[in-house]
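See below for the structure under consideration.
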Amino acid sequence: HQSQQNLDLSHDFKNQVKVGLFGSGVGLSVVLGFSAAYACYYLISVAKKPILIAGGKKFHQFLRGKCPVVSETYYPTFWCWESRVQTLLRPFVTAKPWVNYRNELITAPDGGQISLDWFDNDESASHPDQSTRPTVLLLPGLTGTSRESYILHMVQQSRDLGYRCVVFNNRGVSGEKLLTPRTYCAANTEDLEVVIEHVQRTIDKAPLMAAGVSMGGMMLANYLGRKGSEVRLKGVVVFSAGWDVFECTASLEKPLDRFLFNSYLTSCLQASVDRHRTILEKKYDIDHVMKAKTIREFDERFTSVMFGYPSNDDYYRDASPIHKIKSVQVPMLCLNAADDVFSPNHAFPVEAVKQNPNVALLITCHGGHIGFLEGLWPRQSTYMDRVFRQFTKAVFENGSSLDDLH
């Protein structure tokens with residue numbers, strides 16, 4: 001009787017094992033099938049080579065030869081390649097390398113102060129002479145400072161190459177006091193001109209490049225367009241710039257993007273204004289500004305008024321770099337993702353770039369706004385970091401071949 005019971009138990013066990021194996025086999029098949037389908041979709045539709053548009057053959061060949069990243073397939077992080085996910089996750093997943101800055105406050109012509117954060121890189125083995133050490137001026141995005149992860153990454157790349165960096169913090173954003181009732185905007189390049197003149201006076205023998213991100217890139221492109229041949233920078237790289245401000249704000253007013261990005265950015269701008277309320281309320285209706293629900297409303301009530309534009313439309317027209325690209329006279333590489341909701345691709349300055357031999361536009365299929373995450377766990381370097389590293393190195397080391405791009 002006991003042996004019969006044991007046989008029955010062993011028979012049941014075998015059946016359970018068979019069912020278990022069969023069940024897990026089906027589950028495994030489903031998982032493998034889904035994974036294979038996802039991998040196929042990713043490799044066919046997500047991972048693509050970027051498009052490089054250049055106004056002249058010489059610049060195009062320079063980039064292809066000295067910056068291999070412009071010809072390589074960009075593999076966005078496979079579990080977060082979607083535009084909004086890349087944009088939202090980047091500040092949280094990318095590492096923030098420690099950088100010890102030396103702060104300098106300089107005085108603007110109106111009596112205001114501008115905060116510069118220097119990374120001197122005195123440990124540089126490749127450029128031990130600080131008087132001639134190649135230097136990169138970095139411009140953060142809207143409400144951004146020298147502590148943004150994308151700025152810290154560019155400083156880290158520069159440190160590895162032996163270069164010095166200086167970060168231009170817009171007025172009032174990095175803890176310093178506003179001395180005059182004036183902040184900043186993408187259209188006004190007066191503070192940037194003061195900073196560039198100061199940096200060039202301070203390190204007059206060192207070659208100087210500049211890199212701008214988002215609004216910092218817009219300001220930089222507007223400066224280059226306005227100053228034309230007066231600009232003494234060796235080269236410029238611009239990341240995730242908005243080219244036509246009307247199109248950028250319209251894109252950010254779509255329901256999902258308004259919820260995810262517009263309201264948050266508006267509240268960041270308002271917090272910055274509120275921090276300096278004491279000096280700003282002497283000239284502006286701050287209570288009215290604090291009730292703005294979108295970036296457009298904020299600009300209508302504050303930015304366009306501060307900088308003396310007859311209307312917000314006049315401000316947006318002046319702030320849009322797309323109109324000034326034809327006048328850029330120094331080598332400028334621009335990186336944009338085709339899925340960036342902050343800078344819609346139908347407003348990319350493709351035709352204007354084709355007409356100017358000094359400008360190149362690199363477009364990735366994915367990457368979002370200042371995202372460009374790549375690798376399984378994108379802690380360290382992004383695609384944008386690699387573009388920055390290769391382009392700055394190419395210009396500082398081989399820039400003489402770009403002296404006459406016409």
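In this chain, residues are counted from 1 in sequence order.
The nearest pair of heavy atoms linking Ala211 to Leu220 is C-CD2, 3.8 Å. Scanning both residues, Ala186 and Tyr315, for their nearest heavy atoms gives N-OH, 3.8 Å. Ser146 and Asn169 get closest at one heavy-atom pair: N-OD1, 3.0 Å. In terms of heavy atoms, Pro181 sits closest to Met306 at O-CE, 3.7 Å. Annotation for Thr73 and Ala47: closest pair CG2-C, 3.8 Å, computed over non-hydrogen atoms. Closest non-hydrogen pair, Asn345 versus Ala338, comes out as ND2-O, 2.6 Å.
At least one donor-acceptor pair closer than 3.5 Å links the side chain of Gln390 to the backbone N or O of Val69. With Ser263 contributing its side chain and Arg258 its backbone, the two residues share a donor-acceptor pair below 3.5 Å. A donor-acceptor pair under 3.5 Å links the side-chain atoms of Ser124 to the main chain of Gly162, judged by distance alone. Counting only distance, with no hydrogens or angles, the side chain of Arg90 and the backbone of Phe372 share no donor-acceptor pair below 3.5 Å. In this structure, Thr143 contributes its side chain and Cys268 its backbone to no donor-acceptor pair below 3.5 Å. Of the possible donor and acceptor atoms, none in the side chain of Ser320 sits under 3.5 Å from a partner among the backbone N and O of Ile322. Not a single donor-acceptor pair under 3.5 Å links the side chain of Lys283 to the backbone N or O of Ile279. Between the Glu176 side chain and the Leu105 main chain, no donor and acceptor come within less than 3.5 Å of each other. A distance-only check finds no donor-acceptor pair linking the side chain of Asn262 to the backbone of Thr294 [under 3.5 Å]. In this structure, Ser343 contributes its side chain and Asp340 its backbone to no donor-acceptor pair below 3.5 Å.
Between Leu116 and Asn103 there is no side-chain heavy-atom pair separated by less than 4.5 Å. Between Ser251 and Phe261 the shortest side-chain heavy-atom distance does not fall below 4.5 Å. Side-chain contact between Leu208 and Gln200 is present, with heavy atoms from C-beta onward closer than 4.5 Å. Residues Val213 and Leu139 fail the side-chain proximity criterion, which asks for heavy atoms closer than 4.5 Å. For the pair Ser83/Val341, a side-chain contact is recorded, criterion being any heavy-atom separation below 4.5 Å from C-beta on. In this structure the side chain of Pro140 reaches within 4.5 angstrom of the side chain of Val167, judged on heavy atoms. At a threshold of 4.5 Å between non-hydrogen side-chain atoms, the residues Asn121 and Ser158 do not count as touching.
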Test salt bridge (Lys or Arg N to Asp or Glu O under 4.0 Å) applied to Arg389 and Asp160, step by step: CA-CA 9 Å; Arg389 183 189 182 102; Asp160 293 348; 3.7 Å; yes
Residues Ile106, Val195; criterion side-chain contact (heavy atoms from CB on, under 4.5 Å); working and verdict: CA-CA 8 Å; Ile106 62 172; Val195 167; 4.2 Å; yes
side-chain contact (heavy atoms from CB on, under 4.5 Å) evaluation trace for Phe78 with Leu376: CA-CA 7 Å; Phe78 78 95; Leu376 190 62; 3.1 Å; yes
Verdict with reasoning, Arg296 to Asp313, per salt bridge (Lys or Arg N to Asp or Glu O under 4.0 Å): CA-CA 10 Å; Arg296 190 193 298 268; Asp313 280 3; 5.1 Å; no
Val330/Lys234 under side-chain contact (heavy atoms from CB on, under 4.5 Å): CA gap, chis, key distance, verdict: CA-CA 7 Å; Val330 300; Lys234 293 284 179 202; over 6 Å; no
Intermediate values then yes/no, side-chain contact (heavy atoms from CB on, under 4.5 Å), Glu82 and Gln86: CA-CA 6 Å; Glu82 196 277 332; Gln86 283 244 343; over 6 Å; no
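More than 12 heavy atoms of other residues, nucleotides or ligands sit less than 6.0 Å from atom CZ of Arg275. In Tyr42, the OH atom is crowded: over 12 heavy atoms of neighbouring residues, nucleotides or ligands sit closer than 6.0 Å.
Residues Asp257 and Lys254 are not paired through a salt bridge, judged by the lack of any N-O separation under 4.0 Å between the basic side chain and the carboxylate. Taking the charged nitrogens against the carboxylate oxygens, Arg133 and Asp122 do have a contact shorter than 4.0 Å, which makes a salt bridge. Between Glu148 and Lys96 there is no salt bridge, since no side-chain nitrogen of the basic residue lies less than 4.0 Å from a carboxylate oxygen of the acidic one. Of the charged side-chain nitrogens involved, at least one lies within less than 4.0 Å of a carboxylate oxygen, so that Asp120 and Arg102 count as a salt-bridged pair. Between Glu397 and Lys393 there is a salt bridge, since a side-chain N of the basic residue sits under 4.0 Å from a carboxylate O of the acidic one. Salt bridge annotation for Glu253-Lys293: absent, with no cationic side-chain nitrogen under 4.0 angstrom from a carboxylate oxygen. The residues Asp110 and Arg171 are annotated as salt-bridged, a charged nitrogen and a carboxylate oxygen being separated by less than 4.0 angstrom. Under the 4.0 Å criterion applied to side-chain N and carboxylate O atoms, Asp274 and Arg277 are assigned as salt-bridge partners.
From Phe168, atom CZ reaches atom OG of Ser174 across 10.5 Å, with rounding to the nearest 0.5 Å. Here Ser272 contributes atom OG and Phe298 contributes atom CZ; the two are 7.5 Å apart, rounded to the nearest 0.5 Å. In this structure, the separation between CZ on Phe239 and OG1 on Thr382 is 8.0 Å, given to the nearest 0.5 Å. Distance check: Asp339 CG to Arg84 CZ gives 9.0 Å after rounding to the nearest 0.5 Å. Of the inter-residue distances, the one linking His198 atom NE2 with Glu104 atom CD reads 3.5 Å to the nearest 0.5 angstrom. Atom NE2 of His366 sits about 13.0 Å away from atom CG of Leu373, to the nearest 0.5 Å.
Between the side chains of Asn222 and Lys324, at least one donor N or O sits under 3.5 Å from an acceptor N or O. Residues Thr94 and Ser149 bring a donor and an acceptor atom of their side chains to less than 3.5 Å of each other. A donor atom on one side chain and an acceptor atom on the other are found under 3.5 Å apart for Ser311 and Asp314. Under the 3.5 Å distance criterion, with hydrogens and angles disregarded, no donor-acceptor pair is assigned to the side chains of Tyr316 and Asp244. A donor-acceptor contact under 3.5 angstrom links the side chains of Asp318 and Tyr309, judged on distance only.
Annotation: side chain to side chain donor-acceptor pair (under 3.5 Å) contacts involving residues 59-69, sequence neighbours excluded, comprise Arg64-Ser71.
No cation-pi contact links Arg159 to Trp98, judged by a cut-off of 6.0 Å to the six-membered ring centre and 45° from its axis.
A centroid separation of less than 6.0 Å is found between the aromatic rings of Tyr284 and Phe302. In this structure, the ring of Tyr101 has its center no less than 6.0 angstrom from the ring center of Phe119.
Take Tyr223 and apply the ring-ring contact (aromatic ring centres under 6.0 Å, His included) test, not counting sequence neighbours, and it matches no residue. The ring-ring contact (aromatic ring centres under 6.0 Å, His included) check on His127 picks up Tyr163, with sequence neighbours excluded.
Note on ring orientation: taking the six-membered ring where Trp is involved, the planes of Phe59 and Phe391 are tilted (angle from 30° to 60°).
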